[in-house]
There are 2 protein chains.
Amino acid sequence: MATQSTEEYLEAIYKLGGEREPLAISVLAERLSVSSPSVSEMARKLAEQGLASYEPYKGVTLTAEGQARALAVIRRHRLWERFLTDTLGFSWDQVHDEACRLEHVTSPLVEERLAEFLETPQTCPHGHPMPTAQGKVTVEAARPLSALEPGQRGVVLWVPEEKVEMLQYLTALGLKPQATVQVEAVAPFQGPLTVRIGEAWHPLGWEVASQIMVRLL
Amino acid sequence: MATQSTEEYLEAIYKLGGEREPLAISVLAERLSVSSPSVSEMARKLAEQGLASYEPYKGVTLTAEGQARALAVIRRHRLWERFLTDTLGFSWDQVHDEACRLEHVTSPLVEERLAEFLETPQTCPHGHPMPTAQGKVTVEAARPLSALEPGQRGVVLWVPEEKVEMLQYLTALGLKPQATVQVEAVAPFQGPLTVRIGEAWHPLGWEVASQIMVRLL
DNA sequence: TTTTTATATTAGGCATACCTATTTTAACGA
DNA sequence: TCGTTAAAATAGGTATGCCTAATATAAAAA
C-alpha cells in the first residue's frame, strides 16, 4: 500500500510533467517544499517499488503503474474539490488544501459513490480535467492567454488551482473556466495585456496571463 | 497540532471511559491493536502535551483539553458516517472504517459545512449521539437489552459501530435505532433471549443482547 | 581542455510511532 | 509476611520521512 507521502510524490511528479520525461530532483523538491536529499531518497524508493524509473543525475519518470496511481490520486483530489464547492458551498480558493488531505484517505468505493453523487463531473472547479476511474485523462489542447495576439478571443479552460490569492483575484475579474476573454492589447517585453471580459476592460500582468489556459475562438 | 495517531489515542481513551476514570494501559493496547509499551510511551506523551494525566501503574485519564479534542474527533467521525450513509448510500456496516480515516483530515470549516449540509444530525447511523461543535455531548440513560426482564419492551438507542458482521446480522433482524423490541424470554446463566421485533420472534445470544443499548418503555 | 558552477548524491542525524525482550511494580493468596 | 503472578515500565531496536553538511558529478564557461 502506498503511503500518503508516496502518493504526494507521485501526484507532484505527474503534475510537473514527469509522466513524459525525466523530472529534475530540484524541481520536485521546490514543489513539495522538501530538501533535495529527501527527494533523491524517495526517488530511489519509488523506483524500488516499480512506480518510477530513476537514474542518478538524470531525474525521475513515472512508470505506467506510477502514472495510474498518480491519476487515481488526482481524480480523488478533483472529486473532493467539486464536492467542497458544489455541495458544501466553499469558494474555489478554499478547496485545494482540504482536498490535498482528503485525497489520501479515500477508498475506491467512496471515490465511485462520490463521483455518482456529483453526477460524474468532467472537471475540477478550476477547470482541470477529471481522470476517469480507469486512469485515463483527456487534456484539451490549450495555450496560455499570454500567447494570444491582440484581437484574438479565447475561452478559459483552466487556471492554477493552488494559488489562493490569484484565485481570489481571478474571481474579482470573472476569469473562470468557460468565460470568454478577448485580448485587446499586449505590451512588449512580456508586459501587461489589456483584456476584455464581458463588457469590462482590465489590465492583466503577463505573469498571470501566462498561467490562464485558453482555447482559441 | 495533534498527529493522526494522537487523535486515535484520544478517541479510544474517551470511548473506553478514560474521560471519567483512569484507564488501564492494557485495555487501550487491546483496543488499538498495539503493544503495551507503545501505549505507555504515548500515555507519557499525551501527559506532556497536557491532553491526559498519567501516573505510571495507575492508568491514563483525559484532561478537559483532551476530552474536547476527543469529542471533536468523534463528532467528525459521526458526521462522516452520516454523510456516507445518508448522502452516498453506504450501508451502516461499511462506514466506520472509512470515517476512521476521514475524521483526521477534516478542518473545522469542513466539519461545520458538513453538519449544515446534513441538517445538524443528532446521532450517527448506529445511534450514538453527535457531540456539538462546542464539544458537549448528551448521552441518554440506557441499559443493555440483556438487562430487560421478560415482558419488558425497549426502544433501541444505539448498537456497536465497528463490528461489521454484527451490524449485518442486526440489519437482518431489524434491530436498528428507534426500533421497538420486546423481551419474551431470557434463558438463565446468561443464556439466549427470545425477543420480538415487529411481529417476528428471534432467539438472540446474550453476548449480542448485552451490546444493544435500549431505553425502557 | 580546464575550471567553475549548479545540481545531485552520500553520510550522518532526528522525531514519530511502532516493536520485542527484560525488568520492575503492585496486588493478591498462601 | 512473603512469594507468586499479572500488569506495566524500561531498554534497545526498526522503518519512514524528514533534515544539514560534505562530497561527487555533469554541464557550461573560460
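Sequence lines set the chain letters: A, B, ... in the order given, protein chains first and strands last, and positions in each chain run from 1. Nothing here was measured: the structure is a model prediction, and the numbers come from that model.
- Of the residues listed (Glu162(B), Lys163(B), Gln168(B)), the one engaging Met166(B) in a side chain to side chain contact (heavy atoms under 4.5 Å, CB included) is Lys163(B), and it is the only one.
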side-chain contact (heavy atoms from CB on, under 4.5 Å) between Trp80(B) and Val110(B), intermediate numbers included: CA-CA 11 Å; Trp80(B) 280 120; Val110(B) 169; 4.3 Å; yes
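- Residues Leu46(B) and Ile13(B) are in side-chain contact: their nearest non-hydrogen atoms beyond the backbone lie under 4.5 Å apart.
- Atom CG of Leu28(A) is separated from atom P of dA8(C) by 10 Å (rounded to the nearest Å).
- With respect to Arg75(B), the salt bridge (Lys or Arg N to Asp or Glu O under 4.0 Å) criterion is satisfied by exactly one of Glu111(B), Glu11(B), Glu7(B): Glu111(B).
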Provide a list of protein-nucleic acid N or O atom pairs under 3.5 angstrom, restricted to nucleotides 15-19 of chain C.
| unit_1 | atom_1 | unit_2 | atom_2 | d |
| --- | --- | --- | --- | --- |
| dA17(C) | OP1 | Thr3(B) | OG1 | 2.6 |
| dC18(C) | OP1 | Ser5(B) | OG | 3.0 |
| dC18(C) | OP2 | Tyr9(B) | OH | 3.3 |
| dC18(C) | N4 | Glu41(B) | OE1 | 3.3 |
| dC19(C) | OP1 | Ser35(B) | N | 3.2 |
| dC19(C) | OP2 | Ser35(B) | N | 2.9 |
| dC19(C) | OP2 | Ser35(B) | OG | 2.6 |
| dC19(C) | OP2 | Ser38(B) | OG | 2.5 |

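- Under the 3.5 Å distance criterion, with hydrogens and angles disregarded, a donor-acceptor pair is assigned to the side chains of Glu81(B) and His126(B).
- Using a 4.5 Å cut-off on side-chain heavy atoms (C-beta onward), Leu175(B) and Tyr169(B) make no contact.
- Taking atom CG of Leu46(A) as the reference point, atom P of dT16(D) lies 12 Å away to the nearest angstrom.
- In this structure, Tyr54(A) atom OH and dT10(C) atom C1' are separated by 10 Å, rounded to whole Å.
- Taking atom CD on Glu7(A) and atom C1' on dG17(D), their separation rounds to 15 Å, with Å as the unit.
- No side-chain donor from either of Gln4(A) and His104(A) sits under 3.5 Å from a side-chain acceptor of the other.
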Polar atom pairs (N or O), protein with nucleotides 2-7 of chain C, under 3.5 Å:
none

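- Checked by atom type, the side-chain pair Thr123(B)/Trp158(B) shows no donor-acceptor distance below 3.5 Å.
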